[in-house]
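Okay, so here's the structure we're looking at.
All chains are named by letter (A, B, ...) in the order of the sequence lines, taking the proteins before the strands, and each is independently numbered beginning at 1. Remember, it's a predicted structure, so these values are computed and weren't measured experimentally.
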There are 2 protein chains.
Amino acid sequence: MGKKKETITIYDVAREAGVSMATVSRVVNGNPNVKPVTRKKVLETIRNMGYRPNAVARGLASKKTTTVGVVIPDISSAFFAELTRGIEDIANMYHYNIILCNSDLKKEKELRLIETLLEKQVDGLLFLGGEVTDEHRDIFAGSSVPIVLAATYDDEDESRPYVTIDQVQAAKDATSVLIEEGHDKIGLIGGPLTDPILGYPRYQGYKEALEEKGLPLREEWVRLGDYRYHSGLQSAKELLTGDEAPTALFVINDEMAVGAIHAAQDLGKKVPDDVSVIGFDNIPLADQVRPLLSTVAVPMYDIGAVAMRLLTKYMNDEPIQENQVLLEYRLELADSTLTKETQTG
Amino acid sequence: MGKKKETITIYDVAREAGVSMATVSRVVNGNPNVKPVTRKKVLETIRNMGYRPNAVARGLASKKTTTVGVVIPDISSAFFAELTRGIEDIANMYHYNIILCNSDLKKEKELRLIETLLEKQVDGLLFLGGEVTDEHRDIFAGSSVPIVLAATYDDEDESRPYVTIDQVQAAKDATSVLIEEGHDKIGLIGGPLTDPILGYPRYQGYKEALEEKGLPLREEWVRLGDYRYHSGLQSAKELLTGDEAPTALFVINDEMAVGAIHAAQDLGKKVPDDVSVIGFDNIPLADQVRPLLSTVAVPMYDIGAVAMRLLTKYMNDEPIQENQVLLEYRLELADSTLTKETQTG
DNA sequence: CCCAATTCCGTTATCGTTTGCGAATCAGTT
DNA sequence: AACTGATTCGCAAACGATAACGGAATTGGG
């Protein structure tokens with residue numbers, strides 16, 4: 001595997017080029033205080049010697065690593081994968097690299113990862129989609145690196161920067177679509193209510209929509225899944241075989257929503273004629289099933305991109321006008337619901 | 001954002017604990033050569049002072065960063081997301097972190113990213129899914145860090161470690177399934193033939209299967225897409241409206257395959273009765289459409305995991321018995337083809 | 001109770017850069 | 001020719017750890 005005799009350092013280049021290491025450092029870093037002819041000579045010997053600056057040493061000396069940490073629940077989920085792509089694109093644009101960590105939403109793992117990232121001296125940290133507990137806040141407070149939350153927020157810390165959408169309102173809007181279609185028997189396939197990021201607020205939105213329209217919240221029309229396809233399939237099967245089955249389902253993420261559609265079809269019901277289904281997130285899958293899934297289009301890529309951009313502002317001490325941003329979402333109404341229109345929220 | 005007065009170093013801890021920094025370093029690194037009582041005292045003052053070891057300084061001194069670089073085409077693709085999850089899990093298990101970079105399969109970007117990762121002194125490098133050119137080989141050769149390829153291989157460098165599957169054979173097997181179903185008009189929706197990783201070999205497998213069974217390769221039954229859903233939809237529409245339309249389609253990835261199914265349905269054809277479809281990869285989507293998609297199950301997670309494991313062996317100088325591994329794939333026959341059976345290859 | 005073998009632990013040299021400070025060079029003005 | 005203000009550039013001190021080396025303390029056997 002091509003062992004090079006020894007690593008060549010800035011000092012070697014300096015000696016070879018007949019200048020000091022300070023000068024080499026200057027040309028490497030684009031410092032203008034170096035005569036063009038000198039710069040040229042240095043650049044030349046750098047090329048000839050195949051010198052590659054050591055970013056670790058640079059990091060020690062400059063106290064900057066141009067690296068940011070990203071803690072994410074699960075990269076293999078379409079939602080977070082897309083979000084990460086937004087992060088990485090902006091990071092790349094600003095010449096940062098990202099250290100990616102999967103937390104599986106386990107608190108202990110999250111804390112451990114954050115600790116590790118801080119040890120690695122990341123210039124900033126992006127924390128996605130987990131609940132922010134007191135222990136998180138302790139670590140955050142004990143560090144001076146900027147930290148921004150994405151696709152989540154901290155309901156206890158008013159000042160913690162974040163980028164996400166208004167989950168409650170979006171869920172309310174989605175439910176309202178079904179109500180306005182004329183449905184009065186609307187089921188919910190939700191997530192764990194202990195999940196303060198998705199499960200609870202989306203349930204809350206569903207509840208508020210019903211209340212506002214004077215519809216009762218009936219427990220037998222509510223099932224809580226685990227966000228996965230089969231969970232949606234199973235839950236819908238239960239809901240739709242009931243005596244007085246709902247004629248519409250609000251499913252709080254697309255993967256489960258597609259499961260719900262298939263459950264309906266398996267039971268011989270037509271979507272949307274017999275049962276309307278609306279999902280949430282607008283992952284690519286929503287566009288790759290028949291009937292096309294109506295859903296709440298969450299700007300996943302943008303959440304990542306905006307969060308990363310915000311982080312760069314913190315890292316470079318740029319002025320910040322808005323450090324807590326709620327991005328717009330869109331209702332993407334397709335074939336799994338009756339009406340067709342598009343709203344913005 | 002909680003500015004701490006000043007960073008506390010190993011030296012501060014040493015002074016506070018009444019020992020030398022060497023001793024502190026020893027307890028931090030779990031070196032056994034330190035008396036239990038001393039260790040306890042040091043650990044205590046570490047806790048009290050909130051000392052956090054600086055991994056950058058450690059990296060400089062020890063020449064190890066416990067970080068590996070991962071260059072991947074696109075994290076937002078289900079295939080690579082799952083693969084990355086495998087990588088990260090194993091990395092985490094061995095206490096490595098990963099720096100993730102999206103290359104979009106652009107050669108220049110790949111080279112730039114690899115260069116950056118080497119500057120950051122990663123202990124190892126995982127290169128996924130792009131073509132390995134001479135320029136890649138140049139950089140690889142000029143560095144002493146172990147590099148392993150995943151989901152690709154280097155056909156010019158016999159010794160470069162890799163982990164992938166036998167693309168040609170798998171494509172051949174998939175095509176053969178259709179032949180054995182009795183089809184003799186089998187279309188292909190492929191990728192760019194200039195793609196040496198997926199496009200070409202999977203086309204090659206299709207071709208070989210036909211040849212072996214004495215079937216002609218007819219150009220009008222071949223379309224080349226871009227791996228995306230809509231491309232599959234469009235290509236299938238063209239293929240299936242022809243005068244003498246194929247009765248079966250081998251589609252070289254699942255996303256396009258699902259598009260093909262929808263195209264068939266849009267044309268009023270039933271799958272699999274009127275047209276059989278078999279895909280490739282077995283992304284979650286294959287399991288979330290109706291009819292369920294027959295496909296070649298590629299062990300994406302395992303490719304990542306095994307590649308990362310192999311890399312750890314290189315990084316820790318463990319003995320290596322096999323440095324080029326072809327993982328097993330499986331034919332996952334479901335409802336989009338007629339026969340039902342499972343083979344291994 | 002002494003000496004050798006262990007165990008512990010401190011000294012010090014590095015690791016490869018960045019960076020503040022001051023010296024040296026160079027023009028342009030008088 | 002002397003003076004001044006920029007430009008350039010070198011020196012050397014950090015940056016925060018690791019690790020080789022050797023000295024001191026502890027232990028055990030005879």
Side-chain angles (χ1 to χ4, degrees), chain A residues 4 6-43 45-46 49-67 116 118-123 143-145, chain B residues 4 6-43 45-46 49-67 116 118-123 143-145:
Chain A
K4 264 292 166 62
E6 50 185 62
T7 71
I8 92 137
T9 77
I10 203 175
Y11 181 73
D12 299 321
V13 176
R15 184 168 25 73
E16 191 73 11
V19 299
S20 77
M21 34 187 300
T23 299
V24 178
S25 173
R26 289 193 185 94
V27 344
V28 168
N29 293 301
N31 184 315
N33 282 4
V34 40
K35 216 185 332 183
V37 49
T38 314
R39 176 189 310 281
K40 184 156 171 294
K41 183 175 56 183
V42 171
L43 284 175
T45 76
I46 283 181
M49 302 183 71
Y51 165 70
R52 186 169 14 232
N54 182 325
V56 171
R58 182 203 310 249
L60 217 214
S62 69
K63 295 174 170 305
K64 288 192 185 335
T65 55
T66 60
T67 302
T116 302
L118 292 177
E119 286 185 5
K120 294 216 168 171
Q121 311 298 122
V122 292
D123 291 341
S143 156
S144 63
V145 317
Chain B
K4 264 293 166 60
E6 49 185 62
T7 71
I8 92 135
T9 76
I10 202 174
Y11 181 73
D12 300 321
V13 176
R15 184 166 27 71
E16 191 73 11
V19 298
S20 77
M21 34 188 301
T23 299
V24 178
S25 174
R26 287 192 187 94
V27 346
V28 168
N29 293 301
N31 184 314
N33 282 5
V34 40
K35 216 183 336 182
V37 48
T38 312
R39 175 188 311 279
K40 183 155 171 296
K41 183 176 55 181
V42 171
L43 284 176
T45 77
I46 283 182
M49 304 183 70
Y51 166 69
R52 186 167 16 231
N54 182 323
V56 171
R58 183 203 309 249
L60 219 214
S62 69
K63 295 174 171 304
K64 288 190 185 336
T65 55
T66 60
T67 302
T116 302
L118 292 177
E119 286 185 5
K120 295 216 168 169
Q121 311 298 121
V122 293
D123 291 340
S143 156
S144 63
V145 318

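Taking atom NZ on B:K64 and atom P on C:dC15, their separation rounds to 15 Å, with Å as the unit. When rounded to the nearest whole Å, the span between OH of A:Y11 and C1' of D:dA12 equals 13 Å. Spacing between atom CZ of B:R58 and atom C1' of C:dT14 amounts to 17 Å, rounded to whole angstrom units. Here D:dC15 presents its P atom at 14 Å from CD1 of B:I8, a figure rounded to the nearest Å. One atom, CD1 of A:I10, and another, C1' of D:dA12, lie 14 Å apart when rounded to the nearest Å. As a whole-Å value, the separation of B:N31 CG from C:dT6 P is 18 Å. At whole-Å resolution of the value, NZ in B:K63 and C1' in D:dT18 are 11 Å apart. Distance CD (B:Q121) to C1' (D:dA17): 16 Å, rounded to an integer number of Å.
Residue A:V56 is classed as having no contact, given no heavy-atom separation below 4.0 Å to the nucleic acid. Nucleic acid contact class of A:S25 (heavy atoms, under 4.0 Å, all strands): base. At the heavy-atom level, A:N33 lies under 4.0 Å from base atoms of the strands shown.
A donor-acceptor contact under 3.5 Å is not formed by the side chain of B:R52 with the base of D:dG16.
The distance from atom OG1 of A:T7 to atom CG of A:D12, rounded to the nearest 0.5 Å, is 7.5 Å. Atom CZ in A:R15 sits 6.5 Å away from atom CE in A:M49 (nearest 0.5 Å).
Checked against D:dA17, C:dG10, C:dG16, the side chain of B:T23 finds its nearest nucleotide in C:dG10. Residue B:A61 has its side chain nearest to D:dA17 when only C:dT17, C:dT19, D:dA17 are considered. Comparing C:dC15, D:dT8, D:dA19 against the side chain of B:L60 picks out C:dC15 as the nearest. Taking the side chain of A:N29 as heavy atoms from C-beta on, and the options C:dT18, D:dA19, C:dG16, the nearest nucleotide is C:dT18. The side chain of B:T38 lies closest to C:dC9, out of C:dC9, D:dA19, D:dC9. Checked against C:dT17, D:dC9, C:dC15, the side chain of A:M21 finds its nearest nucleotide in C:dT17.
Comparing B:V24 and A:A57 by the nucleotide of DNA chain C that holds the closest heavy atom to each, the one mapping nearer the 5' end is B:V24. Between B:K35 and A:R26, the residue anchored nearer the 5' end of DNA chain C, judged by the nucleotide with its closest heavy atom, is B:K35.
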Subject >> Test log, rule side-chain contact (heavy atoms from CB on, under 4.5 Å), inputs B:I46 and B:V28 >> reply: CA-CA 9 Å; B:I46 283 182; B:V28 168; 3.9 Å; yes
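For the pair A:S20 and D:dG10, the criterion of a side-chain N or O lying under 4.0 Å from OP1 or OP2 is met. Applying the 4.0 Å criterion to OP1 and OP2 of D:dG16, one finds that B:T7 has a side-chain N or O inside that range.
Remark: the backbone N or O of B:T65 is not paired with any side-chain donor or acceptor of B:K120 at under 3.5 angstrom. Put simply, the side chain of B:N31 gets close to the backbone of B:N33: a donor and an acceptor are under 3.5 Å apart.
The minimum heavy-atom distance linking B:S143 with A:R52 is given by the pair CB-NH2, 3.9 Å.
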